[in-house]
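So you know, we letter chains A, B, ... as the sequences are listed, proteins then strands, and number each from 1. All figures in this text were calculated on a predicted structure; none of them were measured in a lab.
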Amino acid sequence: MLDPALLRTQLDDTARRLAARGFALQTSVLNGWESERKKVQTETQELQNLRNTRSKAIGIAKARGEETAALMAEVAGLGDRLKANEQRLADIQAKMAEIALGIPNLPAADVPEGADETGNVEADRWGTPRTFDFAVRDHVELGAREGMLDAEAGARLSGARFTVLRGGIARLHRALAQFMLDLHTREHGYVECNVPLLVNPEAMQGTGQLPKFEEDLFQVPFGEGLRYLIPTAEVALTNLVREQILEAGALPLRMTAHTPCFRAEAGSGGRDLRGMIRQHQFEKVELVSIVRPGDSAAEHERMTRCAEVVLEKLGLPYRRMLLCAGDMGFAAAKTYDLEVWLPSQNTYREISSCSDCTDFQARRMQARWRNQDTGKPELVHTLNGSGVAVGRALVAVMENYQNRDGSITVPDVLRPYLDGCERV
RNA sequence: GGAGAGGUGGCAGAGUGGUCGAAUGCGCCGGACUCGAAAUCCGGUUUACGGUUCUUCCGUAACGUGGGUUCGAAUCCCACCCUCUCCGCCA
């Protein structure tokens with residue numbers, strides 16, 4: 001959520017900045033509600049003040065044993081007027097909150113213009129794609145051996161976009177997740193967390209999945225209410241600080257978790273149907289940082305590096321893309337995507353996305369820290385990044401490390417997790 | 001799943017219809033005393049929103065959440081959520 005003050009005092013400028021990411025802010029609608037709100041709120045508060053002072057007077061009179069009938073007559077009918085005003089005010093505020101919750105974050109100043117992924121800018125590139133002296137297979141062909149990667153079995157159990165892993169590939173997949181978790185906890189200072197996979201609607205609203213993107217989520221009936229399966233551990237990790245006031249010494253707070261992620265993939269029909277690039281269920285090692293407002297830009301660079309180190313240690317060529325305004329996610333002010341080289345597609349494909357969400361999620365969650373200089377609680381900044389997507393990392397390892405005979409060489413850093421096994 | 005207890009400010013803990021945003025203690029911040037510290041004493045110490053003569057003052061709201069009763073609710077009524085204890089079940 002944006003600072004409400006921006007919508008009141010710098011509406012046109014805010015609208016211009018949002019237009020850069022393709023969002024049309026309804027300024028005249030907002031202005032209309034705002035002036036109405038001001039009027040009704042002032043009236044309501046005056047009525048409340050009247051009620052309070054009169055009620056207090058009645059209390060005093062009674063304590064003195066005086067007659068209160070005259071005072072009581074004075075407030076007759078006030079309650080109904082007040083109730084009507086309060087209801088009207090609540091309606092207006094709910095309407096304005098609904099609008100505010102649907103407005104995306106403002107792009108940072110150094111985010112390039114652009115409407116879609118063609119506007120993204122390559123910021124860095126690492127590694128050289130390997131040249132093969134045989135016909136490369138994609139991960140689907142490579143995984144077909146011994147049914148180690150079995151989409152048909154997944155479909156039988158759950159439908160399209162679900163995959164069963166077995167044997168060496170299943171182990172490799174687990175090794176990848178464990179390697180990433182160990183790297184981030186041992187060398188990058190992140191605290192390993194184990195979090196709920198089902199969260200309530202408030203959590204989803206906190207990180208920005210709700211109210212606008214409900215169709216992307218799986219929901220689960222739960223008692224009288226409902227829960228949602230997390231589409232990323234970002235939701236659980238970031239919401240750990242919701243409605244908290246953190247001491248300055250607790251920041252930066254760096255957390256990581258390895259979880260399954262569930263995405264309905266509404267609207268992605270037909271894209272990446274083959275293989276496990278795009279699944280309804282996949283695993284990811286997520287990084288989340290909670291920092292002081294002044295530190296988020298530097299933390300963003302640091303976090304992205306943490307994700308890049310994963311790929312470097314795995315020996316996977318990648319490039320870093322700075323996303324343009326039009327291609328960023330709802331909550332992000334600035335995003336780097338890491339794209340890994342996939343030989344079968346002869347191109348780079350997204351494997352990580354690291355975003356600085358500034359105070360956007362913090363405001364929705366009311367996540368704050370106590371600023372020692374001011375003594376006041378102030379909103380924190382939140383960042384999240386994939387470090388990295390495990391399923392896609394598996395695809396990348398399989399394809400980049402494939403051998404002529406269809407076997408896959410295990411990257412050095414993963415061998416300790418596979419009892420020293422050199423190929424699967 | 002069954003039975004019971006309870007949710008009040010950073011913490012502990014009073015308050016069961018009326019000048020209660022809320023006693024008291026602890027903690028924290030500032031000051032006095034001291035060579036310095038401890039102890040002691042004095043003062044201060046929630047958050048959000050709105051207005052404003054906009055680093056000032058005023059107002060409103062908040063005692064788990066949401067409703068209700070009332071001129072007036074932390075206090076009474078209803079529903080829900082959560083926590084704790086015991087029993088059962090279970091990985």
Say you pick atom [atom1] in [N] and the same atom in [M]; how far apart are they, in whole Å?
| N | M | atom1 | answer |
| --- | --- | --- | --- |
| B:C84 | B:G68 | P | 32 Å |
| B:G7 | B:A91 | C1' | 31 Å |
| B:C90 | B:A14 | P | 40 Å |
| B:U8 | B:U83 | P | 14 Å |
| B:C26 | B:U40 | P | 8 Å |
| B:C76 | B:U16 | P | 9 Å |
| B:C28 | B:A38 | P | 10 Å |
| B:A61 | B:U56 | P | 24 Å |

- Query: Are the side chain of A:R423 and the backbone of A:S407 linked by a donor-acceptor contact shorter than 3.5 Å?
  - Reply: no
Whole angstroms only, please: what is the [atom1]-[atom2] distance between [X] and [N]?
| X | N | atom1 | atom2 | result |
| --- | --- | --- | --- | --- |
| A:K62 | B:A73 | NZ | P | 14 Å |
| A:K39 | B:G50 | NZ | P | 18 Å |
| A:Q87 | B:G66 | CD | P | 14 Å |
| A:Q366 | B:U47 | CD | P | 12 Å |
| A:L379 | B:U47 | CG | P | 13 Å |
| A:R363 | B:U47 | CZ | C1' | 16 Å |
| A:R370 | B:G9 | CZ | P | 14 Å |
| A:Q48 | B:A61 | CD | C1' | 7 Å |

Watson-Crick or G-U counterpart of [N], or none if no pair lies under 3.5 Å:
| N | result |
| --- | --- |
| B:A5 | B:U83 |
| B:A61 | B:U47 |
| B:U16 | none |
| B:U53 | none |
| B:G66 | B:C78 |
| B:A73 | none |
| B:G30 | B:C42 |

Tell me whether the side-chain N/O atoms of [X] come closer than 4.0 Å to OP1 or OP2 in [N].
| X | N | value |
| --- | --- | --- |
| A:R8 | B:G50 | yes |
| A:R51 | B:U60 | no |
| A:R368 | B:U46 | no |
| A:N52 | B:A61 | yes |
| A:K38 | B:G50 | no |
| A:N49 | B:G59 | no |

Using a strict 4.0 Å threshold on nitrogen-to-oxygen distance, state whether [X] and [Y] make a salt bridge.
| X | Y | value |
| --- | --- | --- |
| A:R156 | A:E152 | yes |
| A:R166 | A:D150 | yes |
| A:E43 | A:R88 | no |
| A:E34 | A:R37 | yes |

- Is there a ring pair (Phe, Tyr, Trp, His ring centres under 6.0 Å) between A:F360 and A:H381 once you walk through the steps? CA-CA 8 Å; A:F360 185 85; A:H381 278 196; over 10 Å; no
- Message: For A:E34 and A:A63, find the nucleotide of RNA chain B closest to each by heavy atoms; which residue's nucleotide sits nearer the 5' end?
- Response: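 The residue mapped nearer the 5' terminus is A:A63.
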- Query: With nearest nucleotides of RNA chain B determined for A:R64 and A:R37 from heavy-atom distances, which residue corresponds to the more 5′ nucleotide?
  - Reply: A:R64
- Query: Is there a donor on the side chain of A:K56 or the base of B:G18 sitting less than 3.5 Å from an acceptor on the other?
  - Reply: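 No pair found.
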- With heavy atoms under 4.0 Å as the rule, sort A:K83 into base, sugar-phosphate or nothing.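 Sugar-phosphate contact only.
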- Residue A:I60, side-chain heavy atoms: nucleotide from B:U19, B:A61, B:C71 that is nearest: B:U19
- Item | Closest nucleotide among B:G59, B:C71, B:U47 to the A:I58 side chain |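 Closest nucleotide to the A:I58 side chain: B:C71.
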- For the pair A:Y336 and A:H300, name the ring-plane relationship: parallel under 30°, tilted 30 to 60°, perpendicular over 60°.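 Answer is parallel, since the angle falls under 30°.
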- Dump the intermediate steps for salt bridge (charged side-chain N to carboxylate O under 4.0 Å, His left out) on A:R320 and A:E301, then the final yes or no. CA-CA 11 Å; A:R320 181 202 286 212; A:E301 300 295 327; 3.1 Å; yes
